[in-house]
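Letters go in sequence order (proteins before strands), and every chain restarts at 1. In this text, all values refer to a predicted model and were calculated from it rather than measured experimentally.
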2 protein chains.
Amino acid sequence: MISLQQLEKEVKPIQTYYKSATYSKQVVSYPERDIPTDATFHYKELAAKKHSEAERRRRLRINGQYATLRTILPNLVKTDKASVLEETIKSVRELQKTVKELKTEGRDRHKCEFPNEVNELNLSYSNGDGGLVKATLSCEDKPGLLSDIGRALSSVKATVLKVEMATVGGRIKCELLIQGFKGNEGMVILKRALKIVIDKPSLPGNYGKKICFYK
Amino acid sequence: MISLQQLEKEVKPIQTYYKSATYSKQVVSYPERDIPTDATFHYKELAAKKHSEAERRRRLRINGQYATLRTILPNLVKTDKASVLEETIKSVRELQKTVKELKTEGRDRHKCEFPNEVNELNLSYSNGDGGLVKATLSCEDKPGLLSDIGRALSSVKATVLKVEMATVGGRIKCELLIQGFKGNEGMVILKRALKIVIDKPSLPGNYGKKICFYK
DNA sequence: ATGGACACGTGATGC
DNA sequence: TGCATCACGTGTCCA
């Protein structure tokens, strides 16, 4: 195989041709991709053509990726290359954040599902409207617990929107979404009542022991 | 305002200068961005410089975004432009899929947390090893339910690994992860025992009614 | 007419 | 050496 450099030396006199403005203009504007058959053909031109075509393939590949990105990106208004990249970056960051949140939310929920080892009682406003209150409590599972909680709630004329409960190892965790308080004094009364409920010792030979599923 | 075309005609003799290889080389390698003050200055060169600098800013913007992508993409081995785009596409698709899965999973979990309106009892092998069995049941909440379930479990010498419970509107949903069966006959016995438990009518003036939180 | 966006060919660099 | 990638300036089209 003969090298391009050697060939270049042999055809050096012709260099003036392909360095001329005419040739350059021709190649730059509308490159002839067919192999020329006349006497002006030489191997350096072939190398340049190979080079430009390789570059063209590279551009094609990259532009293909841009096209792909344009299809998979939602909310893409400007299809500009820079805009595509910008929107891509925004999307990736947003998605990463969302995934992180959803995963930790799942983990938190999972964590939240297990009762605390020590008795726990928390009341907090869930959000502003309607006086919604979220109550979270952990205590030993024992007979009459649910009815005691129910009585505590009705003592403040509260309505329960949602209840979630989990029992593990003889202990219980309960989340209540409550509404209908008459002012803040209701919360105080409810808190005292619930506190008594969860701290009330279970009877000897207690029910809680009996329903402990774990050996 | 004088047009660039007109200016070009006036300074045509100088075209040979900025089209020369020397100038071209100089500009390509280390372009002088300061406005030249000598006699070689002319407006077409200014226009070309403006154009090239605008193009340079565009490249800079795009390359900056590539750099950003390189920083936020995990598992990026080749920092190649095409590779960056490829990895980006893969990441976006993967993240979108993950988000979708996590959201539907959350929805499914949420659905699963609410007790069924009709009594329900399902036993299924959770996975192959250790004879793990998942039991799902929905029934009316009533006094002694948990202890009844506990007794049913101990009757087949089963150990509970995990319990999840939800109570809504006086009904209860319970998921048990159980192990320790002696063969399949244990499952049959357990299923019968649980069936009796969940179908057992609550006593008159029942406990279940009392603990119904909803008005 | 002016700036933005794009494709192109080319020289340079690294493996 | 050849091959791939990159930055650059330029010509061209469009709003």
Rounded to whole Å, how long is the line connecting atom [atom1] of [X] with atom [atom2] of [N]?
X: A/Lys78; N: C/dA5; atom1: NZ; atom2: C1'; value: 9 Å
X: B/Lys81; N: C/dG14; atom1: NZ; atom2: P; value: 17 Å
X: A/Glu53; N: D/dG2; atom1: CD; atom2: P; value: 17 Å
X: A/Tyr66; N: C/dA5; atom1: OH; atom2: C1'; value: 12 Å
X: B/Leu60; N: C/dG4; atom1: CG; atom2: P; value: 14 Å
X: B/Leu46; N: C/dG3; atom1: CG; atom2: C1'; value: 14 Å
X: B/Ile62; N: D/dA7; atom1: CD1; atom2: P; value: 11 Å
X: A/Lys49; N: C/dG11; atom1: NZ; atom2: P; value: 15 Å

Between A/Lys81 and A/Asn63, is any side-chain donor less than 3.5 angstrom from a side-chain acceptor?
yes
For D/dC6, take OP1 and OP2 only and decide whether either is under 4.0 Å from a side-chain N or O of A/Arg58.
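Affirmative; the distance criterion is met.
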OP1 or OP2 of C/dA7 versus the side-chain N and O atoms of A/Asn63: is any pair under 4.0 Å?
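A/Asn63 to C/dA7 OP1/OP2: side-chain N or O found under 4.0 Å.
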Using a strict cut-off of less than 4.0 Å between a Lys/Arg side-chain nitrogen and an Asp/Glu carboxylate oxygen, indicate whether B/Arg58 and B/Glu55 qualify as a salt bridge.
yes
Could you tell me whether B/Lys90 and B/Glu87 make a salt bridge, using a distance below 4.0 angstrom between a side-chain N and a carboxylate O?
yes
Residue whose nearest DNA chain D nucleotide is more 5′ - A/Lys50 or A/Glu55:
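Result of the comparison: A/Lys50.
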Go nucleotide by nucleotide along DNA chain D from the 5' end; which of B/Arg59 and B/Asp80 gets its closest nucleotide reached first?
B/Asp80
Check each of A/Val197, A/Ile172, A/Leu194 against A/Cys139 using the side-chain contact (heavy atoms from CB on, under 4.5 Å) test, and report the only one that passes.
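Of the listed options, the one satisfying the test is A/Ile172.
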A/Asn122 side chain to A/Leu137 backbone, donor-acceptor under 3.5 Å
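Judged by distance alone, no pair lies under 3.5 Å.
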Is A/Ala82 touching bases, backbone alone, or none of the nucleic acid, heavy atoms closer than 4.0 Å?
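The residue A/Ala82 makes no contact with any strand.
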Base, sugar-phosphate alone, or nothing: which one does A/Arg57 contact when heavy atoms must sit under 4.0 Å apart?
nothing
Looking at B/His51 and C/dG3, is any side-chain donor or acceptor paired with a base atom of the opposite kind under 3.5 Å?
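Flag unset: no donor-acceptor pair detected.
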